[in-house]
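See below for the structure under consideration.
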Protein chains: 2
Amino acid sequence: MLKVNKLTDYAVVVLCDLLRGDRLRSAADLATSSGVPLPTVSKILKQLARTGILQSARGVNGGYGFARPPAGISMAEVIEALEGPIAVTGCVEESGECCEFVHQCPMSGHWNAVNVAIRKSLDEVRLIDMLPEARFMDPEDLTRVIAERHAAAMQA
Amino acid sequence: MLKVNKLTDYAVVVLCDLLRGDRLRSAADLATSSGVPLPTVSKILKQLARTGILQSARGVNGGYGFARPPAGISMAEVIEALEGPIAVTGCVEESGECCEFVHQCPMSGHWNAVNVAIRKSLDEVRLIDMLPEARFMDPEDLTRVIAERHAAAMQA
DNA sequence: CAGAAACTGTACTGTTTTAGTCCTGTTTGT
DNA sequence: ACAAACAGGACTAAAACAGTACAGTTTCTG
């Protein structure tokens, strides 16, 4: 049924929590406020930092924050950060792996139409649209509030 | 990585094979010409018949054919036939199942934006677009040829 | 400079899902 | 009556995933 894995699901919960703050947040802090177990939160944050969505600071008072303005982050990026390239089958160019019949396979390359279509639709859903308050707020207000929080977190 | 399962992958191979014929095809016949193992082909065809994409005829000279004009079948239908409703997480209305925190879950319902976006994009990719010859043929010619084959299969 | 807070990377294990197979039953044409 | 075909369900082996744990590195604070 075309599922994303649970880690990705949790990631959105944690990221939304992070969107609500205006400073760096430690993994332990986010675990407490989101209800997701610490080791899991930790795994997610590390991965998101590795792929450039978040940035991390070590040491006392360290933690995680967005590496760039959160309003510009799409769900496609979040999903790809945690699951790798969007590819509905193994038989696509980007995914490296290929079945043993690639060269004679009549389907070769055709699922790409599907991949591209999905990828495009996910590019158009922004992470901040996943925030519960997104449905009650004016989109411009939302974008501004998020940008202000991000600026505050960056200078702190 | 947002994969469809292998059965769905094979299903497209088998369906494309079926698109090339102008008569009912038995499971054994399709297995031979597509290279997919018979028990697997059989499983796929049964499921596709159950969900109304194909129709079956029993007995000697029986087999499978499209239940309606193939040009009208979308990839969304094929995927849903084999995997159930398109739902990237368990926490969505259509999927019945829900995590234990549904009522307090701040994400509840938000993945729906993603589901709807994906579903819409898959509605716009037609099964016949997956045919290898689709890229070399004029779309109208393709549609007509497919319709003629289907008509022939239905009256036979 | 010592210790605590926080991130980093990797490895392991139990559970769940998936893939693939097989068997028994029913329908239909010759 | 027999053989060709579909129908439905049950079972097993393999792969993927979720969750956890641990050993290491960096940085702030007193």
Side-chain angles (χ1 to χ4, degrees), chain A residues 1-11 13-14 18 23-32 34-65 67 79 82-84 87-90 95 97 99-100 156, chain B residues 1-11 13-14 18 23-32 34-65 67 79 82-84 87-90 95 97 99-100 156:
Chain A
M1 59 148 106
L2 218 63
K3 268 193 184 148
V4 297
N5 62 35
K6 272 194 182 176
L7 235 47
T8 307
D9 193 355
Y10 291 156
V13 176
V14 171
L18 195 54
R23 56 191 168 78
L24 292 188
R25 308 275 302 276
S26 73
D29 181 15
L30 286 165
T32 305
S34 68
V36 179
L38 174 57
T40 304
V41 170
S42 186
K43 199 182 211 176
I44 292 166
L45 293 170
K46 272 184 263 188
Q47 187 58 25
L48 289 170
R50 218 175 283 149
T51 53
I53 290 179
L54 299 182
Q55 66 183 46
S56 62
R58 290 185 168 197
V60 179
N61 299 325
Y64 291 93
I79 292 173
L82 285 139
E83 319 207 358
V88 297
T89 71
S95 86
E97 46 169 323
C99 69
E100 46 200 316
Chain B
M1 57 145 115
L2 218 63
K3 268 194 184 145
V4 297
N5 61 35
K6 272 195 184 175
L7 234 47
T8 307
D9 193 355
Y10 292 157
V13 176
V14 171
L18 195 53
R23 56 191 169 81
L24 291 188
R25 308 275 301 277
S26 73
D29 181 14
L30 286 166
T32 305
S34 68
V36 179
L38 174 57
T40 304
V41 169
S42 186
K43 198 182 211 177
I44 292 166
L45 293 170
K46 274 185 260 187
Q47 187 58 24
L48 290 169
R50 219 175 281 148
T51 53
I53 289 178
L54 299 182
Q55 68 184 42
S56 63
R58 289 187 169 195
V60 179
N61 299 326
Y64 292 93
I79 292 173
L82 284 139
E83 319 205 0
V88 295
T89 71
S95 85
E97 46 169 322
C99 70
E100 45 200 317

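Predicted model, so just to flag it, every value in this text is computed and none were measured. All chains are named by letter (A, B, ...) in the order of the sequence lines, taking the proteins before the strands, and each is independently numbered beginning at 1.
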- Tell me, please, which residues at least two apart from A:S26 pass side chain to side chain donor-acceptor pair (under 3.5 Å). none
- Item | Residue list, side chain to side chain donor-acceptor pair (under 3.5 Å) with A:T8, at least two apart or on another chain | A:N5, A:E83
- Item | Nucleotide C:dC7, atom C1' - distance to CG of A:L38 in whole Å | 11 Å
- Query: A:R58: what forms a side chain to side chain contact (heavy atoms under 4.5 Å, CB included) with it, not counting sequence neighbours?
  - Reply: none
- Message: According to side chain to side chain contact (heavy atoms under 4.5 Å, CB included), who are the partners of A:K46, at least two apart in sequence or on a separate chain?
- Response: A:S42, A:R50, A:Y64
- Can you check each nucleotide of nucleotides 8-14 of chain C against protein heavy atoms at under 4.0 Å and return B for base, S for sugar-phosphate only, - for none, in 5' to 3' order? BB-----
- Query: Can you find a heavy atom in the side chain of B:L18 that is under 4.5 Å from one in the side chain of B:L54?
  - Reply: yes
- Message: I'd like to check the side chain to side chain contact (heavy atoms under 4.5 Å, CB included) partners of A:P37; sequence neighbours left out, ordered by chain and number.
- Response: A:P39, A:T40
- Query: Quick one: B:L82 CG to C:dG20 P, roughly how many Å, whole number?
  - Reply: 13 Å
- Query: B:L82 versus B:L48: any side-chain heavy-atom pair under 4.5 Å?
  - Reply: yes
- Message: Closest-nucleotide mapping onto DNA chain D: is B:G59 or A:P37 further toward the 5' terminus? I mean the 5' end.
- Response: B:G59
- Checking all strands, does B:A27 fall into the base, sugar-phosphate, or nothing category for heavy-atom contacts under 4.0 angstrom? sugar-phosphate
- Message: Nearest to the side chain of A:V60, heavy atoms from C-beta on, is which of C:dT21, C:dA5, C:dA19?
- Response: C:dA5
- Nearest whole angstrom, please: distance from the C1' of C:dT30 to the CG of B:N61. 9 Å
- Query: How many Å lie between CG on A:L30 and P on C:dA6, as a whole number?
  - Reply: 12 Å
- Message: Heavy atoms only, 4.0 Å cut-off, all strands: where does A:A57 land among base, sugar-phosphate and nothing?
- Response: sugar-phosphate
- Query: In terms of side-chain heavy atoms of B:N5, which of C:dC7, C:dG20, C:dT18 is nearest?
  - Reply: C:dT18
- Taken to the nearest whole Å, CE/B:M1 to P/C:dT18 is 15 Å
- Item | Non-hydrogen side-chain atoms of B:I44 and B:L7 separated by less than 4.5 Å | yes
- Item | Start and end of the DNA chain D segment that chain A contacts, any atom under 4.0 Å from a heavy atom | D:dA18 to D:dT29
- For B:L2, what residues pass the side chain to side chain contact (heavy atoms under 4.5 Å, CB included) criterion, not counting sequence neighbours? A:V4, A:I86, A:I118, A:L122, B:V88, B:I118
